[in-house]
Q: 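Got a structure for you, written out below as structure tokens; questions coming shortly.
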Amino acid sequence: QVQLVESGGGLVQAGDSLRLSCAASGRTFSGHTMGWFRQAPGKEREFVAAIRWSSGSTYYTDSVKGRFAIARDNAKNTVDLQMNSLKPEDTAVYYCAATPRLERTTTRTYYPYWGQGTQVTVSS
């Protein structure tokens, strides 16, 4: 049974940094892509970043390029999202997700496994 558990959310001020972590268990993720998505109130869940577990290749949505970094830790079986220079528009619930796909991994409907989410609030 796949389990994804996020942690690290909180309330910060604009310009601050925050690190989210996703603990993955229940299967081997070496052939998977791990993603981070976010959902703000009244908006659809959107892609933020993804990493191919085996190769380490990373992908980002334009609005977070240069500010966020996704990384995996093979020993701990975790996927982290380092968020720097946070803006109020980054406020959302952030979700960790996993998919056996290696392509089209910016599309949330291709992710069968999801965590419960962690709240990130950035005040101005």
Q: Suppose clustering is done on Ile, Leu, Val, Met, Phe, Trp and Tyr with side-chain heavy atoms closer than 4.5 Å. Which residues sit in the same group as Leu102?
A: none

Q: Could you grab the distance from atom CG of Asp16 to atom NZ of Lys87, nearest 0.5 Å is fine?
A: 14.5 Å

Q: Any side-chain heavy atom of Thr106 sitting closer than 4.5 Å to one from Thr61?
A: no

Q: State the CG-SG distance between Asp73 and Cys22, to the nearest 0.5 angstrom.
A: 12.5 Å

Q: Drop me the distance from Gln82's CD to Leu20's CG, to the nearest 0.5 angstrom.
A: 9.0 Å

Q: Please give me the minimum heavy-atom distance between Leu18 and Gly8, naming the atom from each residue.
A: CG-O, 3.5 Å

Q: Might you point out which heavy atoms bring Leu86 and Val12 nearest each other, and give the distance in Å?
A: CD1-CG2, 3.7 Å

Q: Could you tell me whether a side-chain N or O of Glu6 sits under 3.5 Å from a main-chain N or O of Gln116, the two making a donor and an acceptor?
A: yes

Q: Between Thr78 and Asp80, is there a side-chain heavy-atom distance shorter than 4.5 Å?
A: yes

Q: Atom CZ of Arg108 and atom CZ of Phe37: how far apart are they, to the nearest 0.5 Å?
A: 8.5 Å

Q: How far does CZ of Phe68 sit from CZ of Arg38, to the nearest 0.5 angstrom?
A: 5.5 Å

Q: Would you check if the side chain of Ser54 reaches a backbone N or O of Gly31 as a donor-acceptor pair within less than 3.5 Å?
A: no

Q: So how far is it from Ser63 OG to Glu89 CD, rounded to the nearest 0.5 Å?
A: 8.5 Å

Q: Do Tyr111 and Thr105 have side chains that approach each other closer than 4.5 Å (heavy atoms only, starting at C-beta)?
A: yes

Q: Between the main-chain N or O of Ser30 and the side-chain N or O of Thr28, is there a donor-acceptor pair closer than 3.5 Å?
A: no

Q: Taking salt bridge (Lys or Arg N to Asp or Glu O under 4.0 Å) as the test, write out the residues that go with Arg67, two or more places apart.
A: Asp90

Q: Regarding Arg52 and Glu103, does a basic nitrogen lie under 4.0 Å from an acidic carboxylate oxygen?
A: yes

Q: With side chains defined as the heavy atoms from C-beta onward, is the minimum distance between Tyr59 and Phe47 less than 4.5 Å?
A: yes

Q: Side chains of Ser17 and Met83: closer than 4.5 Å at any heavy-atom pair?
A: no

Q: To check you understand the geometry: which heavy-atom pair defines the closest contact between Val2 and Arg27, and what is its length?
A: CG2-CD, 3.4 Å

Q: Would you indicate whether the side-chain heavy atoms of Leu4 and Met34 approach each other to under 4.5 Å?
A: yes

Q: Do any N or O atoms from the side chain of Thr107 and from the backbone of Thr109 form a donor-acceptor pair under 3.5 angstrom?
A: no

Q: Side-chain contact, heavy-atom cut-off 4.5 Å: Trp36 with Val79?
A: yes

Q: How are the rings of Trp114 and Tyr95 set to each other: parallel, tilted or perpendicular (split at 30° and 60°)?
A: perpendicular

Q: Do Pro112 and Thr99 come close enough that some side-chain heavy atom pair is under 4.5 Å?
A: yes

Q: Determine whether a donor-acceptor pair (N or O, by modelled atom type, separation under 3.5 Å) exists between the side chain of Arg72 and the backbone of Trp53.
A: yes

Q: Parallel, tilted or perpendicular for Tyr113 and His32, by the 30°/60° rule?
A: tilted

Q: Which pair of heavy atoms, one from Ala69 and one from Tyr60, lies closest together, and at what distance?
A: CA-OH, 3.3 Å

